[in-house]
Amino acid sequence: MKPVAPFPLALILGALASVALAWVASAAPLAAQPPGRCAASLPALQDGAAGWIVRDLSVNGEAQRLVLFSPPAPRATLVMLPGGSGKIDIRCDGTFGHPDNFLVRTRALWLARGYAVLIPDAAGNRTLRGRRSTPAYAATVRALVAVAKEQADRPVILMGTSQGSIAAMNGAATLPGGEIAALVLTESVSRLGGSGETVFDAHPEAVHVPVLVVANTDDACFVAPPQDAPKIVTQLVRSPSVRLLNLSGGMLKSKPCGSLSPHGYFGIEDKAVGAIADWIDAQLK
């Protein structure tokens with residue numbers, strides 16, 4: 001291929017994401033997957049390894065499926081907790097029945113930046129609404145972090161979006177010191193809706209790691225108004241550092257609280273991932 005003139009950063013990131021997404025789609029699983037059940041156990045990833053694995057666990061007596069994507073020698077592992085009901089229908093071939101959630105659909109962007117990505121499905125294959133702030137789900141988050149550490153000896157960052165921020169906050173509030181390196185909360189549910197819980201029910205006062213709170217000023221979701229983000233920041237009293245990141249923009253192709261909207265950074269994925277990744281990079285130095 002002949003050399004070309006320099007590309008704008010957005011085009012470069014888009015190309016990297018396309019390559020990473022193609023790799024995600026084509027990579028062979030790291031362990032055999034019997035019909036009807038994905039891998040029950042798997043070897044730890046080694047430096048230089050790349051691929052994906054779907055794994056079934058049993059946590060609190062419930063089936064817990066997760067998928068882990070990893071580039072060679074990941075810089076860190078992002079444990080990503082989607083919003084909504086939490087049901088994303090992870091299949092044994094590493095694809096999703098419900099792929100629209102911000103954290104799910106941007107996985108290639110994170111991989112292109114050198115991060116491993118671990119995404120869980122709904123525990124017990126039932127809705128997580130109303131369950132994410134409970135002690136039982138905190139135990140689930142701890143189990144997910146343990147899997148991340150088993151796969152790669154790298155820092156672990158919890159990241160939640162919308163109702164998934166409740167789960168991420170709950171996990172960060174209950175994990176022992178040193179288990180995670182940081183917490184990222186995006187478009188967090190801060191007002192009561194159908195789930196009957198908010199991030200304030202997940203003990204923000206007990207979080208003791210650096211936190212990034214991200215709010216899109218164009219988010220019109222009634223349970224996650226951007227004007228509540230500063231209140232979330234003020235509740236994180238034990239965190240050694242808290243940053244509020246304000247974004248703007250996005251397109252509306254779903255309901256205001258849906259994934260394909262400013263609430264889910266639809267149309268501004270590169271900008272959102274880039275800004276969040278810059279903060280994570282700074283925490284890893």
Side-chain angles (χ1 to χ4, degrees), residues 17 19-46 49-59 62-72 74-128 132 137 140-152 154 156-164 167-168 171 180 184 259 264 269 273:
V19 171
L21 189 55
W23 165 71
V24 167
S26 62
L30 301 179
Q33 298 174 352
R37 181 173 172 81
C38 301
S41 62
L42 59 143
L45 292 173
Q46 303 296 321
W52 57 267
I53 185 89
V54 177
R55 181 172 180 179
D56 288 317
L57 309 174
S58 179
V59 184
E62 291 187 310
Q64 173 64 70
R65 178 165 289 182
L66 61 88
V67 60
L68 173 69
F69 302 97
S70 181
R75 302 183 63 242
T77 301
L78 310 179
V79 175
M80 295 183 159
L81 301 167
S85 69
K87 292 184 178 182
I88 52 177
D89 188 17
I90 299 172
R91 300 161 179 160
C92 283
D93 64 0
T95 62
F96 299 83
H98 303 286
D100 287 344
N101 184 268
F102 165 66
L103 298 179
V104 176
R105 72 174 191 271
T106 60
R107 61 194 183 278
L109 293 174
W110 295 105
L111 290 165
R113 289 177 174 270
Y115 291 105
V117 174
L118 186 155
I119 307 173
D121 215 329
N125 196 32
R126 59 192 179 99
T127 181
L128 295 180
R132 290 178 168 99
Y137 201 72
T140 296
V141 176
R142 290 196 295 272
L144 297 173
V145 171
V147 170
K149 287 183 170 293
E150 173 188 343
Q151 298 314 301
R154 298 290 188 272
V156 175
I157 291 92
L158 285 182
M159 186 182 304
T161 194
S162 191
Q163 295 209 40
I180 60 172
V184 178
S259 297
E269 290 87 353
V273 169

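When a residue number appears, it is its place in the shown sequence, counting from 1. This is a predicted model, so every value here is computed, not measured.
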Notebook entry, point to check: Between Arg105 (side chain) and Ser259 (backbone), is there a donor-acceptor pair under 3.5 Å?
Noted result: yes
Answer yes or no: is there a side-chain heavy-atom contact under 4.5 Å between Phe102 and Val273? yes
Q) Do Gln151 and Thr77 have side chains that get closer than 4.5 Å, going by heavy atoms? A) no
CG of Leu118 to CE of Met80, rounded to nearest 0.5 Å, is 10.0 Å
Closest non-hydrogen atoms of Val104 and Pro82, given as atom of the first, atom of the second and distance, are CG2-CG, 4.4 Å
Scanning both residues in full, the closest heavy-atom pair of Gly171 with Val141 reads CA-CG1, 3.7 Å
Closest heavy-atom pair, Gly83 versus Ser162, reported as atoms and distance to 0.1 Å, is CA-CB, 4.3 Å
In this structure, CD1 of Ile180 is separated from CE of Met159 (nearest 0.5 Å) by 11.5 Å
Of all heavy-atom pairs linking Ala122 and Ser85, the shortest is CB-O, 4.2 Å
Heavy-atom donor-acceptor pair, Arg113 side chain to Trp110 backbone, under 3.5 Å:
no
Checking Ile119, Leu144, Leu128 against Leu81 for side chain to side chain contact (heavy atoms under 4.5 Å, CB included), the one that qualifies is Leu144
Output for pair (Asp89 CG, His98 NE2), nearest 0.5 Å, gives 5.0 Å
d(Phe96 CZ, Ile90 CD1) to nearest 0.5 Å is 5.0 Å
Under a 4.5 Å cut-off applied to non-hydrogen side-chain atoms, are Leu68 and Arg55 in contact?
no
In short, Tyr115 meets Pro71 closest at the heavy-atom pair O-CD, 3.4 Å
Does the side chain of Val54 come within less than 4.5 Å of Arg91's, by heavy atoms?
-> no
Evaluate the side-chain proximity of Glu62 to Arg126: yes if any heavy-atom separation is below 4.5 Å, no if none is. yes
Hey, does the side chain of Gln64 reach the backbone of Asp56 with a donor-acceptor pair shorter than 3.5 angstrom? no
Closest heavy-atom pair, Ile88 versus Pro120, reported as atoms and distance to 0.1 Å, is CD1-O, 3.4 Å
